[in-house]
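Whatever order the structure lists ligands and atoms in, that order sets their numbers, starting from 1.
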Amino acid sequence: MNFVFNPAPVVSVPVLGSELRFPVHRIYCVGRNYEEHAKEMGFSGREPPFFFMKPADAVIVVNAGETGSMPYPTLTKNLHHEIELVVAIGSGGKNIKAVDAHKHIFGYAVGLDMTRRDLQNEMKKQGRPWCIGKGFDHSAPIGPITSVAAAGDIGSAEIYLQVNGQDRQRSQISKLIWNIAETIEHLSAAWELKAGDLIYTGTPEGVAAVVAGDTMTGGVAGLQAITVKVG
Ligand code: MN
(Lines give C-alpha, C1' and ligand atoms only; values in the text may rest on other atoms or scores of the structure.)
Protein backbone atom coordinates (compact mmCIF):
# COMPACT_ATOMS: atom_id res chain seq x y z
CA MET A 1 0.00 0.00 0.00
CA ASN A 2 1.23 3.47 -0.82
CA PHE A 3 0.46 6.40 1.46
CA VAL A 4 0.53 10.05 0.49
CA PHE A 5 3.17 10.50 3.20
CA ASN A 6 4.89 8.19 5.67
CA PRO A 7 2.53 7.07 8.47
CA ALA A 8 3.43 8.15 11.99
CA PRO A 9 5.44 5.51 13.84
CA VAL A 10 3.58 3.21 16.25
CA VAL A 11 3.73 4.61 19.79
CA SER A 12 4.99 1.89 22.13
CA VAL A 13 6.04 1.36 25.74
CA PRO A 14 8.80 -1.02 26.88
CA VAL A 15 7.87 -4.12 28.86
CA LEU A 16 10.08 -4.65 31.87
CA GLY A 17 12.36 -7.68 31.56
CA SER A 18 11.49 -8.22 27.89
CA GLU A 19 12.67 -7.14 24.46
CA LEU A 20 9.04 -6.84 23.41
CA ARG A 21 7.23 -3.50 23.40
CA PHE A 22 3.57 -2.74 24.10
CA PRO A 23 1.99 -0.89 21.13
CA VAL A 24 -0.37 1.84 22.31
CA HIS A 25 -3.86 2.07 20.82
CA ARG A 26 -5.81 4.63 22.93
CA ILE A 27 -5.32 6.38 26.25
CA TYR A 28 -8.38 6.52 28.50
CA CYS A 29 -8.31 8.47 31.76
CA VAL A 30 -10.66 8.26 34.76
CA GLY A 31 -11.66 11.55 36.39
CA ARG A 32 -11.84 12.13 40.17
CA ASN A 33 -11.36 8.50 41.21
CA TYR A 34 -10.02 9.05 44.75
CA GLU A 35 -12.34 10.61 47.33
CA GLU A 36 -9.81 13.05 48.81
CA HIS A 37 -8.82 14.26 45.32
CA ALA A 38 -12.48 14.71 44.36
CA LYS A 39 -12.91 16.83 47.48
CA GLU A 40 -9.87 18.99 46.72
CA MET A 41 -11.40 19.60 43.27
CA GLY A 42 -14.63 20.74 44.97
CA PHE A 43 -16.78 17.61 44.59
CA SER A 44 -18.40 15.18 47.02
CA GLY A 45 -16.37 12.14 46.03
CA ARG A 46 -19.52 10.16 45.21
CA GLU A 47 -20.45 10.20 41.54
CA PRO A 48 -20.52 7.68 38.68
CA PRO A 49 -17.17 7.18 36.92
CA PHE A 50 -16.43 9.46 33.98
CA PHE A 51 -13.73 9.39 31.36
CA PHE A 52 -11.67 11.52 29.04
CA MET A 53 -8.96 10.66 26.54
CA LYS A 54 -5.49 11.68 25.51
CA PRO A 55 -3.99 10.99 22.09
CA ALA A 56 -1.67 7.96 22.04
CA ASP A 57 1.21 10.15 20.88
CA ALA A 58 0.95 12.26 24.06
CA VAL A 59 3.02 9.48 25.64
CA ILE A 60 6.52 10.26 26.88
CA VAL A 61 8.28 6.93 27.42
CA VAL A 62 10.55 6.94 30.47
CA ASN A 63 12.90 3.96 30.46
CA ALA A 64 13.89 2.22 33.68
CA GLY A 65 16.58 4.15 35.51
CA GLU A 66 16.42 7.13 33.14
CA THR A 67 15.10 10.66 33.65
CA GLY A 68 12.43 11.58 31.15
CA SER A 69 12.08 15.10 29.82
CA MET A 70 8.79 16.96 29.49
CA PRO A 71 8.80 20.35 27.80
CA TYR A 72 6.82 22.98 29.75
CA PRO A 73 3.65 23.26 27.64
CA THR A 74 2.36 26.37 25.93
CA LEU A 75 -0.66 28.45 27.02
CA THR A 76 -0.53 27.55 30.76
CA LYS A 77 0.78 29.08 33.95
CA ASN A 78 -0.49 26.22 36.13
CA LEU A 79 0.89 22.84 35.03
CA HIS A 80 -0.24 20.18 37.54
CA HIS A 81 1.12 16.71 38.25
CA GLU A 82 -1.27 13.77 38.71
CA ILE A 83 0.45 10.50 39.58
CA GLU A 84 -1.57 7.49 38.43
CA LEU A 85 -1.60 3.73 38.16
CA VAL A 86 -1.90 2.83 34.47
CA VAL A 87 -3.60 -0.39 33.37
CA ALA A 88 -2.37 -1.85 30.06
CA ILE A 89 -5.06 -3.81 28.20
CA GLY A 90 -3.81 -7.00 26.52
CA SER A 91 -7.06 -8.20 25.01
CA GLY A 92 -10.09 -6.15 24.15
CA GLY A 93 -13.83 -6.55 24.49
CA LYS A 94 -17.21 -4.91 24.89
CA ASN A 95 -19.38 -5.03 28.01
CA ILE A 96 -16.70 -6.77 30.06
CA LYS A 97 -18.00 -7.69 33.52
CA ALA A 98 -15.89 -6.71 36.51
CA VAL A 99 -15.51 -10.36 37.46
CA ASP A 100 -13.87 -11.06 34.06
CA ALA A 101 -11.81 -7.85 33.85
CA HIS A 102 -8.54 -9.44 35.03
CA LYS A 103 -8.47 -11.64 31.89
CA HIS A 104 -8.05 -8.50 29.76
CA ILE A 105 -5.14 -6.92 31.66
CA PHE A 106 -1.62 -7.33 30.27
CA GLY A 107 0.14 -5.36 32.96
CA TYR A 108 0.58 -2.12 34.87
CA ALA A 109 2.75 0.97 34.74
CA VAL A 110 3.27 4.25 36.54
CA GLY A 111 2.03 7.29 34.63
CA LEU A 112 1.56 11.03 34.99
CA ASP A 113 -1.68 12.66 33.82
CA MET A 114 -0.13 16.09 33.33
CA THR A 115 -2.77 18.81 33.33
CA ARG A 116 -2.94 22.47 32.25
CA ARG A 117 -5.14 23.18 35.28
CA ASP A 118 -5.89 26.80 34.43
CA LEU A 119 -7.18 25.82 31.00
CA GLN A 120 -9.11 22.83 32.37
CA ASN A 121 -10.78 25.02 35.00
CA GLU A 122 -11.73 27.59 32.37
CA MET A 123 -13.26 24.87 30.17
CA LYS A 124 -15.18 23.46 33.18
CA LYS A 125 -16.57 26.93 33.92
CA GLN A 126 -17.72 27.34 30.33
CA GLY A 127 -19.02 23.78 30.01
CA ARG A 128 -16.55 23.08 27.22
CA PRO A 129 -14.45 19.95 26.51
CA TRP A 130 -11.30 19.32 28.56
CA CYS A 131 -9.06 18.47 25.58
CA ILE A 132 -6.93 21.59 25.80
CA GLY A 133 -6.35 21.06 29.53
CA LYS A 134 -5.73 17.31 29.39
CA GLY A 135 -5.00 16.00 25.89
CA PHE A 136 -2.05 18.18 24.92
CA ASP A 137 1.30 17.06 23.47
CA HIS A 138 3.63 15.29 25.95
CA SER A 139 0.87 15.15 28.59
CA ALA A 140 1.19 11.43 29.34
CA PRO A 141 4.61 10.37 30.69
CA ILE A 142 4.72 6.62 31.42
CA GLY A 143 7.26 4.13 32.72
CA PRO A 144 7.85 0.55 31.56
CA ILE A 145 4.97 -1.91 31.82
CA THR A 146 5.22 -4.72 34.38
CA SER A 147 3.29 -7.85 33.49
CA VAL A 148 0.41 -8.84 35.76
CA ALA A 149 2.30 -11.92 36.97
CA ALA A 150 5.34 -9.85 38.02
CA ALA A 151 3.39 -6.97 39.55
CA GLY A 152 2.11 -8.65 42.71
CA ASP A 153 -0.98 -7.39 44.56
CA ILE A 154 -1.40 -4.03 42.85
CA GLY A 155 -4.84 -3.45 44.39
CA SER A 156 -3.29 -2.75 47.79
CA ALA A 157 -0.08 -1.00 46.65
CA GLU A 158 1.08 2.43 47.79
CA ILE A 159 1.18 5.25 45.20
CA TYR A 160 3.28 8.38 45.61
CA LEU A 161 4.78 11.41 43.90
CA GLN A 162 7.68 13.59 44.99
CA VAL A 163 8.79 16.88 43.45
CA ASN A 164 12.45 17.73 43.99
CA GLY A 165 12.55 15.04 46.69
CA GLN A 166 9.57 16.40 48.67
CA ASP A 167 6.33 14.42 49.08
CA ARG A 168 3.36 15.85 47.15
CA GLN A 169 1.04 12.85 46.77
CA ARG A 170 0.89 9.63 48.80
CA SER A 171 -2.02 7.21 49.00
CA GLN A 172 -3.11 3.61 48.40
CA ILE A 173 -4.54 2.02 45.24
CA SER A 174 -7.16 0.47 47.56
CA LYS A 175 -8.65 3.96 47.91
CA LEU A 176 -9.78 4.06 44.27
CA ILE A 177 -13.52 4.88 44.25
CA TRP A 178 -13.98 2.68 41.18
CA ASN A 179 -11.42 -0.13 41.33
CA ILE A 180 -9.60 -1.51 38.31
CA ALA A 181 -12.18 -4.19 37.50
CA GLU A 182 -15.13 -1.81 37.91
CA THR A 183 -13.38 0.78 35.75
CA ILE A 184 -12.94 -1.77 32.96
CA GLU A 185 -16.63 -2.74 33.25
CA HIS A 186 -17.77 0.89 32.92
CA LEU A 187 -15.29 1.79 30.16
CA SER A 188 -16.07 -1.25 28.02
CA ALA A 189 -19.79 -0.44 28.19
CA ALA A 190 -19.06 2.88 26.50
CA TRP A 191 -16.22 1.91 24.13
CA GLU A 192 -14.96 -1.40 22.76
CA LEU A 193 -11.63 -1.86 24.49
CA LYS A 194 -8.78 -2.98 22.25
CA ALA A 195 -5.42 -4.59 22.91
CA GLY A 196 -3.01 -1.70 23.39
CA ASP A 197 -5.36 0.56 25.30
CA LEU A 198 -3.93 2.29 28.36
CA ILE A 199 -6.17 3.33 31.25
CA TYR A 200 -4.91 6.09 33.56
CA THR A 201 -6.97 5.20 36.63
CA GLY A 202 -7.05 8.55 38.45
CA THR A 203 -4.93 10.45 40.92
CA PRO A 204 -5.01 10.76 44.72
CA GLU A 205 -5.06 14.07 46.58
CA GLY A 206 -2.11 16.45 46.60
CA VAL A 207 -2.13 17.66 42.99
CA ALA A 208 -0.17 20.89 42.59
CA ALA A 209 1.91 22.90 40.16
CA VAL A 210 5.35 22.19 38.79
CA VAL A 211 7.60 24.70 37.08
CA ALA A 212 10.46 24.43 34.61
CA GLY A 213 13.43 22.81 36.31
CA ASP A 214 11.37 20.66 38.71
CA THR A 215 11.99 16.93 38.86
CA MET A 216 9.06 14.61 39.54
CA THR A 217 9.58 11.08 40.83
CA GLY A 218 6.56 8.86 41.16
CA GLY A 219 5.83 5.25 41.85
CA VAL A 220 3.45 2.48 42.70
CA ALA A 221 4.79 -0.31 44.92
CA GLY A 222 5.71 -3.31 42.78
CA LEU A 223 6.20 -1.29 39.58
CA GLN A 224 9.10 0.59 38.01
CA ALA A 225 9.12 4.17 39.34
CA ILE A 226 9.46 7.09 36.90
CA THR A 227 11.43 10.30 37.04
CA VAL A 228 10.57 13.22 34.76
CA LYS A 229 12.20 16.63 34.58
CA VAL A 230 10.07 19.57 33.44
CA GLY A 231 11.40 22.17 31.06
MN1 MN B 1 -6.00 12.28 36.25
Side-chain angles (χ1 to χ4, degrees), residues 13 24 26-60 62 68 70 73 76 78-89 108-124 128-143 154 157-163 168-180 182-184 186-187 190-191 197-210 214 216-220 223 225-226 228 230:
V13 180
V24 179
R26 290 179 179 168
I27 303 176
Y28 296 99
C29 303
V30 187
R32 298 194 288 265
N33 203 15
Y34 289 81
E35 187 172 350
E36 293 307 313
H37 173 62
K39 286 178 181 169
E40 76 180 352
M41 293 284 108
F43 294 84
S44 68
R46 294 185 207 289
E47 59 181 338
F50 69 93
F51 308 101
F52 57 91
M53 296 171 79
K54 293 176 186 258
D57 66 358
V59 156
I60 297 175
V62 184
M70 178 188 177
T76 185
N78 197 16
L79 175 66
H80 272 203
H81 54 72
E82 296 192 359
I83 189 70
E84 308 205 359
L85 169 68
V86 180
V87 177
I89 296 295
Y108 304 100
V110 176
L112 282 160
D113 166 16
M114 297 303 293
T115 302
R116 296 195 279 208
R117 191 73 71 198
D118 42 2
L119 297 183
Q120 185 202 21
N121 287 342
E122 190 57 35
M123 293 301 113
K124 280 184 191 172
R128 289 179 178 172
W130 288 11
C131 309
I132 200 167
K134 287 290 196 180
F136 55 95
D137 295 343
H138 315 299
S139 61
I142 189 170
I154 214 72
E158 187 177 51
I159 180 169
Y160 72 92
L161 180 83
Q162 297 184 324
V163 176
R168 289 276 186 93
Q169 297 185 267
R170 192 170 288 275
S171 188
Q172 308 285 331
I173 300 300
S174 60
K175 292 186 176 174
L176 281 168
I177 295 171
W178 299 96
N179 68 28
I180 295 163
E182 292 165 336
T183 295
I184 289 172
H186 281 272
L187 250 186
W191 291 273
D197 286 339
L198 297 174
I199 306 170
Y200 282 59
T201 55
T203 198
E205 68 275 18
V207 299
V210 286
D214 281 347
M216 304 177 284
T217 298
V220 172
L223 306 182
I226 61 168
V228 178
V230 181

Does one side chain, of His81 or Gln169, offer a donor that lies under 3.5 Å from an acceptor on the other? yes
Residues at least two apart in sequence or cross-chain that pass side-chain contact (heavy atoms from CB on, under 4.5 Å) with Ala190, listed by chain then number, are none
Sequence neighbours excluded, the answer for ring pair (Phe, Tyr, Trp, His ring centres under 6.0 Å) partners of Trp130 is Phe50, Phe52
Determine, for Arg170 against Glu158, whether the closest basic-nitrogen to carboxylate-oxygen distance falls under 4.0 angstrom. yes
How would you list, by chain and number, every residue that makes a ring pair (Phe, Tyr, Trp, His ring centres under 6.0 Å) with Tyr160, sequence neighbours excluded? none
Give a yes or no answer on whether the side chain of Glu40 reaches the backbone of Gly206 with a donor-acceptor pair at less than 3.5 Å. yes
Return the set of protein N, O or S atoms whose distance to the Mn ion (ligand 1) is under 2.8 Å, each given as residue and atom. Glu82 OE1, Glu84 OE2, Asp113 OD2
